[in-house]
Amino acid sequence: MRMKDMVRRTGVHERLLRYYEQQGLLAPERLPSGYREYSEADVETVRRIRCLLTAGLSTTTIAQVLPCIRADGERLAPACPSLVGQLQGERQRISTEIEALRASRAMLDTVLAAAPRFADTVNFPEPLDDARS
DNA sequence: GTTCTTACA
DNA sequence: TGTAAGGA
């Protein structure tokens with residue numbers, strides 16, 4: 001499929017798809033015209049990329065990981081032991097972040113429980129059109 | 001009409 | 001990131 005369909009399938013902007021490719025995360029075929037030709041596997045790859053980026057992994061790390069799970073997506077290819085250590089580190093970092101998020105949620109829960117129905121009694125100003133970031 | 005690269009602010 | 005130029 002070409003760029004337009006790939007954007008539709010993944011929900012990822014055209015420019016970002018090119019960026020992923022630039023970072024070595026994607027390698028779509030090229031038509032004689034120079035147009036990119038994406039495969040179904042590429043759609044899945046983008047899904048993984050988004051997942052890992054959200055989790056805070058760098059594009060360089062992801063570029064190392066992707067080729068190792070490209071086969072069935074279930075396990076690490078008989079590749080690099082250095083990668084295992086790296087990924088265990090990432091996993092640990094994610095666990096720490098999860099705990100921080102839990103604490104944040106708990107804090108908000110506490111505050112919200114102590115201030116019921118505030119939104120019903122307080123008039124918040126309408127956001128200005130040019131005040132959005 | 002679609003997509004390509006490059007590039008500037 | 002938004003946008004534009006200039007090709008294919």
Side-chain angles (χ1 to χ4, degrees):
Chain A
M1 79 196 74
R2 294 222 298 267
M3 182 59 88
K4 197 175 178 182
D5 292 310
M6 189 62 175
V7 168
R8 203 170 39 74
R9 288 286 299 276
T10 62
V12 174
H13 279 302
E14 180 176 339
R15 194 163 185 179
L16 209 39
L17 288 173
R18 293 206 191 94
Y19 175 72
Y20 291 163
E21 184 175 342
Q22 215 181 336
Q23 300 304 304
L25 274 39
L26 274 178
E29 308 259 310
R30 290 294 183 138
L31 268 28
S33 57
Y35 289 9
R36 273 162 264 252
E37 178 68 20
Y38 293 100
S39 66
E40 290 300 319
D42 289 327
V43 176
E44 181 61 21
T45 298
V46 169
R47 220 205 79 247
R48 293 196 181 115
I49 292 170
R50 308 243 312 158
C51 179
L52 295 175
L53 280 177
T54 300
L57 275 69
S58 69
T59 54
T60 48
T61 300
I62 296 174
Q64 292 176 303
V65 174
L66 283 179
C68 295
I69 58 179
R70 204 159 268 177
D72 60 352
E74 288 299 308
R75 60 177 57 239
L76 222 50
C80 13
S82 64
L83 198 55
V84 173
Q86 167 100 337
L87 294 182
Q88 283 170 343
E90 297 287 357
R91 206 203 105 94
Q92 180 55 54
R93 180 186 51 73
I94 290 170
S95 296
T96 304
E97 277 181 20
I98 288 175
E99 287 316 305
L101 288 173
R102 279 192 202 285
S104 298
R105 184 177 59 184
M107 185 194 301
L108 293 183
D109 283 346
T110 302
V111 172
L112 289 172
R117 304 193 174 282
F118 243 9
D120 293 340
T121 58
V122 176
N123 287 323
F124 294 104
E126 290 293 325
L128 267 39
D129 273 357
D130 58 349
R132 271 173 238 157
S133 51

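Everything numeric in this text was worked out from a predicted model, so none of it was measured.
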**Q** Provide, to the nearest angstrom, the distance between the NZ atom belonging to A:Lys4 and the P atom belonging to B:dT2.
**A** 5 Å
**Q** Tell me: CG of A:Leu17 to C1' of B:dT2, nearest whole Å?
**A** 15 Å
**Q** Rounded to the nearest Å, what distance is computed from the CZ atom of residue A:Arg30 to the C1' atom of nucleotide B:dT2?
**A**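 Answer to the nearest Å: 14 Å.
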**Q** Do the side-chain N or O atoms of A:Arg2 get closer than 4.0 angstrom to the phosphate oxygens (OP1, OP2) of B:dT2?
**A** no
**Q** Starting at OH of A:Tyr35 and ending at C1' of C:dA8, how long is that distance when rounded to a whole Å?
**A**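 Atom-to-atom, A:Tyr35 to C:dA8, this comes out as 7 Å.
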**Q** Please enumerate all residues that pass side-chain hydrogen bond (donor to acceptor under 3.5 Å, both in side chains) together with A:Glu21, with sequence neighbours excluded.
**A** A:Arg30, A:Arg36
**Q** As a check on the pairing definition, encode DNA chain C in dot-bracket form, counting Watson-Crick and G-U wobble pairs whose two distances are under 3.5 Å, and using | for partners outside this strand.
**A** ||||||.|
**Q** Could you verify whether a donor N or O on one side chain and an acceptor N or O on the other, from A:Asp42 and A:Ser39, lie under 3.5 Å apart?
**A**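 On atom types as modelled, these side chains qualify, holding a pair under 3.5 Å.
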**Q** Between atom CD in A:Gln22 and atom C1' in B:dT5, what is the gap in whole Å?
**A**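 These atoms are roughly 10 Å apart.
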**Q** Separation of A:Glu29 atom CD from B:dT3 atom P, in whole Å?
**A** 18 Å
**Q** Applying side chain to side chain contact (heavy atoms under 4.5 Å, CB included), can you list everything that pairs with A:Val7, at least two apart in sequence or on another chain?
**A** A:Met3, A:Glu14, A:Leu17
**Q** Can you check the A:Glu21 CD to B:dC4 C1' distance for me, whole Å?
**A** 11 Å
